[in-house]
Visitor: 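Just dropping this structure here.
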Amino acid sequence: MISLVYSPEYAKHQTGSHPENQQRLESMINHLQETGELEALDIQQPKPAHDEDLLRVHTNTYLKNLKDFTVIGGGYIDFDTYASPQSFEIAKLAAGGAITASKLVADGYDFAYSLARPPGHHATADKAMGFCLINNLAVALEYMRNDHGIQKFMIMDFDAHYGNGTAEIFYHDPNVLYISIHQDPRTIFPGKGFIEEMGSGMGKGFNLNIPMTPGSTTSDYIYILGKVIEPVLKKFKADFYFLDVGFDGHQEDPLSSLSLDDNFYPWIASYMKNLTTRMVLILEGGYSTHTMARANLKMIKVLKDKNTHEEWQPPGKLMVKDETKKILRKIQDTFSPFFTF
């Protein structure tokens, strides 16, 4: 069973003509409705995260300052992150959406998808950035660790931008495996996410970055992810799985230089579905509304299909760039002390 966790209340995080706006969610919901898929999904309403949930991830000073900033009217927190008067409360709802989805999976759902905004994976313990106010996934993970006693977590993040906030929060944690495939950080925000950033202390080896060259295609992604994820997961043996969903790697998206097509999204859903029978999906980026609506539908259809026993594959032959093969070799060399590829 798959559940969609969504609320129209997310529209109260008002950002005007900012790339991260309510049209992103509305386009996906409307497309699901127009195609008849929405009525076949179990729709759940999120509940706001409690202060104690947020404080497991964020500092009290940061949360207080963010709340105070919105109460007096909000505005730009930095050069691209915006908060309106109700944004703090809606950010708590978005974090609560991730918790709700996680609880559904813990209670027996196969997949639960938090379709929420504002996004979260750039938010650090004490700073908003990259359109993100609260780190939704991190809040949900810590909730599951503290309230459900889950020990080991795997996060697969395929947003075009490195989730620096999520990585930083769990950088020293050997019980959280964070894998991120993203555009080469020399060419895109946030300027972090190199292979060498592999975790620290007890967490060394559990922050695995796959920085892809601009122009990388679905073939490049399938090639490298197919050779990295499964051997790493077999060794790590996670108890709980998160898929951090970003549609901004699509070739039609205005905020990246990657060249994924629609086929990547059903592929990654199918690939992960064959590795784990239960998973929480959390929306991050994606700024071409029509593209998001199409790709999102294809991804959900694969998750819904109980008759899919073989990995979904795009038509045609994989055409892999030499740069991608070099990235794979470097990852294998760098992480050979931790995993066997």
Visitor: When rounded to the nearest 0.5 angstrom, what distance separates OH in Y62 from CZ in F69?
Guide: 10.5 Å
Visitor: So if you build clusters from Ile, Leu, Val, Met, Phe, Trp, Tyr with side-chain heavy-atom gaps below 4.5 Å, do V5 and M299 land together?
Guide: no
Visitor: Is it true that Y271 and Y221 have ring centroids separated by less than 6.0 Å?
Guide: no
Visitor: Show every donor-acceptor pair shorter than 3.5 Å between a side-chain atom in residues 328-338 and any protein atom, with sequence neighbours excluded, or say none if there are none.
Guide:
| from | atom 1 | to | atom 2 | distance (Å) |
| --- | --- | --- | --- | --- |
| K330 | NZ | E196 | OE2 | 2.7 |
| T334 | OG1 | K330 | O | 2.7 |
| S336 | OG | D333 | O | 2.9 |

Visitor: Once you round to the nearest 0.5 Å, how far does NZ of K127 lie from CG of N65?
Guide: 13.5 Å
Visitor: Can K103 and D107 be counted as an ion pair, charged N to O under 4.0 angstrom?
Guide: no
Visitor: State the OH-CD1 distance between Y113 and I300, to the nearest 0.5 angstrom.
Guide: 6.0 Å
Visitor: Carefully, step by step, assess D261 and T218 under the rule side-chain hydrogen bond (donor to acceptor under 3.5 Å, both in side chains).
Guide: CA-CA 6 Å; D261 60 21; T218 295; 2.8 Å; yes
Visitor: Verify the neighbour count for atom NZ of K47: are there more than 12 heavy atoms of other residues, nucleotides or ligands below 6.0 Å?
Guide: no
Visitor: Could you tell me whether K326 and E323 make a salt bridge, using a distance below 4.0 angstrom between a side-chain N and a carboxylate O?
Guide: no
Visitor: F236 and F206: aromatic ring centres closer than 6.0 Å?
Guide: yes
Visitor: Please enumerate all residues that pass ring-ring contact (aromatic ring centres under 6.0 Å, His included) together with H122, with sequence neighbours excluded.
Guide: F189
Visitor: Hey, could you give me the CG/OG1 distance between L25 and T289, rounded to the nearest 0.5 Å?
Guide: 11.0 Å
Visitor: Go through F264 and F158 one step at a time and tell me if the ring pair (Phe, Tyr, Trp, His ring centres under 6.0 Å) criterion holds.
Guide: CA-CA 10 Å; F264 172 70; F158 62 83; 5.4 Å; yes
Visitor: Could you label the plane-to-plane angle of the H18 and F131 rings as parallel, tilted or perpendicular, counting under 30° as parallel and over 60° as perpendicular?
Guide: perpendicular
Visitor: F247 and side chain to side chain contact (heavy atoms under 4.5 Å, CB included): which partner among E252, R294, M28?
Guide: M28
Visitor: Working note: K67 + D51, criterion salt bridge (charged side-chain N to carboxylate O under 4.0 Å, His left out); need CA distance, chi angles, decisive distance, verdict.
Guide: CA-CA 12 Å; K67 182 177 181 179; D51 290 345; over 6 Å; no
